[in-house]
Amino acid sequence: MAETTVPSLLHKLASRLNRDPGAPVEKPTESFWQDPRLSFADEQSESLPQESDVVIIGSGIAGISVAQHLLRLQPSQKITILEARSAISGATGRNGGHIKAVPWADYYTLNQTLGKESAMKITKFRLAHLDAFVNEAAALGEAGKVGLVRRVEGVSAVFDKESWESAKVKLEAWLEDFPEHREKWSVHEGEEELKKFGIVNAYGCIKGPSGAAWPYRFLGCVLSKLLASGQVSLETHTIADEVRRSQSQIRPYEVHTSRGTISAKHVIHCTNAYAAHLLPFLKGKLWPLRGQMTVQSVPAEFPRLGASRSWSTMWARGFDYITQSPGEDGSLYLGGGFFQGGPEKDEDLGNADDSQLSAQCLEHLETVPPRAFAHGTGAKIDKKWTGIMGFTGDGLPLVDRVREFMSGRAECDQGIGGEWIAAGWDGYGMVHCWLAGKALAHIVMGREREVSKWFPRDEFGCTRERLDKMSPEGALKRFLGLLET
């Protein structure tokens with residue numbers, strides 16, 4: 001890409017990030033994960049409740065986690081979850097099934113930008129999610145098994161020489177500061193060594209602990225329990241149009257929806273990529289990116305390792321994420337392909353429409369099995385769908401109270417109520433959302449000290465200073481690695 005085209009391309013892409021994401025489209029592509037649909041997928045009350053202690057907008061991982069942990073702290077609360085479409089139909093029901101951080105790569109960057117202390121806290125927070133999910137699934141007993149939450153070895157295969165040399169340096173830098181993890185991680189290179197992993201054409205791979213799941217089913221089990229408690233009302237096909245302050249000293253917020261108005265003490269935005277629709281201040285600071293997923297059938301000779309392994313394929317530009325069915329079919333759940341056709345062809349940045357597929361990504365994803373795996377030739381795409389991720393200007397989530405400068409609404413005393421946000425997972429929702437929801441629930445209930453040791457409060461906070469530094473142009477230069485103009 002010629003250097004002279006960079007400024008105009010940046011301007012074009014930045015204008016997309018500044019748009020109002022709107023509400024989720026009515027008829028998204030059909031996600032493999034959501035078949036069969038949950039029995040309560042379209043549940044709603046005969047008439048919208050007029051009041052609630054807490055209104056949570058969004059029924060994905062973050063929203064469900066907030067609800068569960070709020071009830072654990074105060075079981076008498078009445079909580080209403082609003083969902084624009086069917087339950088768990090957004091990114092949580094459309095993702096890749098990974099419970100995976102890339103600690104060595106992420107830590108290296110975080111250390112450079114935020115310093116060692118913050119980098120370590122964020123990395124520990126992300127790594128804690130695998131145990132958290134495994135423990136939650138175990139607590140559900142037999143019902144939890146349907147979510148297929150499992151520990152696997154994660155293999156990150158690198159197909160670019162420069163990237164591979166860099167990966168080894170980053171891994172060692174991470175392990176120097178996390179020596180307790182050294183025995184869990186290993187480096188493998190050389191054609192013969194990589195054959196043991198069924199990998200071809202790569203310069204090397206890094207192996208370490210990871211996890212996989214069927215998030216739609218797992219979160220469905222959790223939400224089912226919440227609904228059975230009688231304290232949670234699920235209102236699907238109910239679009240939140242506006243949040244307003246009221247004069248009430250009991251329930252100071254009103255959420256105006258497509259089915260009426262509901263008053264609440266607390267309003268919690270768990271809409272991720274769509275958050276800027278109700279909080280316009282966030283336009284250009286928290287924006288959507290459409291991701292492409294596929295299910296690919298594999299030849300008979302392709303190893304069936306889905307119960308014990310997952311993969312990432314890392315290219316000179318971008319990476320793909322791959323889990324495998326733990327059943328005999330061995331189907332690959334393969335997503336990614338972002339930007340493989342170059343930025344000038346991109347249609348996914350700033351795009352909140354998951355009713356359409358991404359042609360650029362699909363063109364790449366169908367080539368991954370034969371390029372990356374010894375027995376991948378003959379793999380075939382059986383299912384394909386898209387999902388909408390939310391990205392922030394600095395690559396970190398927004399988990400905090402919504403201040404007046406963000407909403408344009410006067411804040412009220414926290415003892416009475418508040419407006420809150422948990423969003424902007426940057427494509428890593430499975431290693432951010434659950435514990436962020438737990439932390440936010442504690443903060444909402446005035447019990448912040450109980451999570452201060454493990455939650456990156458300052459790093460994920462919504463200070464004016466942090467948000468003012470965010471711009472679409474700055475995010476693009478960081479996110480896309482474009483040349484300085």
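The shown structure was predicted, so the numbers you read here are calculated from the model rather than taken from an experiment. Here, residue 1 is the first one in the sequence, and each next residue gets the next number.
Contact detail for V243 and E419: the closest heavy-atom pair is CG1-OE2, 3.8 Å. Nearest heavy-atom pair across A273 and I388 is CB-CG2, 3.6 Å. Scanning all heavy atoms of the two residues, the minimum distance from Q34 to G93 falls at NE2-O, 3.0 Å. When all heavy atoms of A213 and I99 are compared, the closest pair comes out as CB-CD1, 3.9 Å. A pairwise comparison of heavy atoms in T323 and A212 identifies CG2-CB, 4.1 Å as the closest pair. Minimum heavy-atom separation, T463 to F405: C-CZ, 3.9 Å.
The side chain to side chain donor-acceptor pair (under 3.5 Å) analysis of residues 234-244, with sequence neighbours excluded, yields the pairs D42-H237, S45-E235, S233-E235, E235-R259, T238-R259, E242-R244. Legend: ring-ring contact (aromatic ring centres under 6.0 Å, His included) pairs involving residues 61-103, not counting sequence neighbours, sorted by first then second residue: H69-W434. Screening residues 52-65 for salt bridge (Lys or Arg N to Asp or Glu O under 4.0 Å), with sequence neighbours left out, gives D53-R251, D53-K265. Sorted by first and then second residue, the pairs that involve residues 15-33 and meet salt bridge (Lys or Arg N to Asp or Glu O under 4.0 Å), not counting sequence neighbours, are R16-D346. The salt bridge (Lys or Arg N to Asp or Glu O under 4.0 Å) contacts involving residues 441-452 comprise R447-E450, E448-R457, where partners must be two or more places apart or lie in separate chains. Screening residues 102-125 for salt bridge (Lys or Arg N to Asp or Glu O under 4.0 Å), with sequence neighbours left out, gives D106-R126, K116-D177.
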Test F460 against I122 for side-chain contact (heavy atoms from CB on, under 4.5 Å), laying out the working first. CA-CA 9 Å; F460 293 179; I122 293 170; 4.2 Å; yes
Using the rule given for side-chain contact (heavy atoms from CB on, under 4.5 Å), can you reason through R403 versus C462, listing the C-alpha separation, both sets of side-chain angles and the distance that settles it, and then say yes or no? CA-CA 8 Å; R403 302 295 180 180; C462 297; 5.8 Å; no
Check the pair L398, L467 against side-chain contact (heavy atoms from CB on, under 4.5 Å), reporting the backbone distance first and the verdict last. CA-CA 10 Å; L398 305 178; L467 292 174; 3.9 Å; yes
Show your reasoning for whether side-chain contact (heavy atoms from CB on, under 4.5 Å) applies to S210 and L130. CA-CA 7 Å; S210 189; L130 179 55; 5.8 Å; no
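Applying the salt bridge (Lys or Arg N to Asp or Glu O under 4.0 Å) test to D468 and every residue at least two apart in sequence or in another chain returns R464. Looking at residues two or more places apart in sequence or on another chain, you find a side chain to side chain contact (heavy atoms under 4.5 Å, CB included) between Q340 and W315, H364. For E473, the salt bridge (Lys or Arg N to Asp or Glu O under 4.0 Å) test picks out no residue, with sequence neighbours left out. In terms of the ring-ring contact (aromatic ring centres under 6.0 Å, His included) criterion, residue partners of F218 (sequence neighbours excluded) are, by chain and number, F133. Not a single ring-ring contact (aromatic ring centres under 6.0 Å, His included) links H277 to another residue, sequence neighbours left out. Under the ring-ring contact (aromatic ring centres under 6.0 Å, His included) criterion, Y274 pairs with no residue at all, not counting sequence neighbours.
You'll find the side chain of K345 stays beyond 4.5 Å of the side chain of E363, heavy atoms only. The shortest distance between side-chain heavy atoms of Y333 and K383 does not fall below 4.5 Å. With contacts defined as side-chain heavy-atom distances shorter than 4.5 Å, the pair E43/L38 does not qualify. Looking at heavy atoms from C-beta onward, M430 lies out of side-chain contact with H129 at the 4.5 angstrom threshold. Counting heavy atoms from C-beta on, the side chains of W104 and F178 never come closer than 4.5 Å. Using a 4.5 Å cut-off on side-chain heavy atoms (C-beta onward), V55 and Y253 make no contact. No side-chain heavy atom of M314 sits less than 4.5 Å from a side-chain heavy atom of D160. Considering only heavy atoms from C-beta on, W385 comes within 4.5 Å of V295 through its side chain.
With values rounded to the nearest 0.5 angstrom, W425 atom CH2 is found 13.0 Å from F391 atom CZ. Atom CG in L82 sits 6.5 Å away from atom CG in L48 (nearest 0.5 Å). The line from CD1 of I262 to OG of S52 is 5.0 Å long, rounded to the nearest 0.5 Å. Within the model, atoms OH of Y428 and SG of C433 stand 13.5 Å from one another, a figure rounded to the nearest 0.5 Å. In this structure, NE2 in H11 is found 12.0 Å from CG in L476, a value given to the nearest 0.5 Å. Note that CG of L396 and CD of E459 are 8.0 Å apart. Values are rounded to the nearest 0.5 Å.
Counting only distance, with no hydrogens or angles, the side chain of Q360 and the backbone of G342 share a donor-acceptor pair below 3.5 Å. Looking only at distances, a side-chain donor or acceptor of H266 sits under 3.5 Å from a matching main-chain atom of G418. Side-chain atoms of T386 come within 3.5 Å of backbone N or O of D354 as a donor-acceptor pair. Distance alone, capped at 3.5 Å, places no donor-acceptor pair between the S358 side chain and the E347 backbone. Side-chain N or O atoms of H269 include none that pairs as donor or acceptor with a backbone N or O of I421 at under 3.5 Å. Without hydrogens or angle criteria, D413 side chain to G415 main chain gives a donor-acceptor distance under 3.5 Å. With hydrogens and angles ignored, the 3.5 Å screen pairs a side-chain donor or acceptor of W33 with a backbone N or O of N95. Using a distance-only test at 3.5 Å, with no hydrogens or angles considered, a donor-acceptor pair links the side chain of S15 to the main chain of K12. T392 contributes no side-chain N or O that, together with a main-chain N or O of L286, makes up a donor-acceptor pair within less than 3.5 Å. Between the E51 side chain and the S263 main chain, no donor and acceptor come within less than 3.5 Å of each other.
In this model, no donor atom of one side chain and acceptor atom of the other lie less than 3.5 Å apart for K100 and S310. One side chain, E136 or Q68, offers a donor N or O that lies under 3.5 Å from an acceptor on the other.
Environment of OH in Y108: sparse, with no more than 12 heavy atoms of neighbouring residues, nucleotides or ligands closer than 6.0 Å. Atom CD of Q414 has more than 12 neighbouring heavy atoms from other residues, nucleotides or ligands inside a 6.0 Å radius.
No option in V267, I79, T271 other than I79 meets the side chain to side chain contact (heavy atoms under 4.5 Å, CB included) test with I56. Among M293, R290, K384, the single residue meeting the side chain to side chain contact (heavy atoms under 4.5 Å, CB included) criterion with L357 is K384.
Under a 4.0 Å N-O distance rule, the pair D394/K469 does not qualify as a salt bridge.
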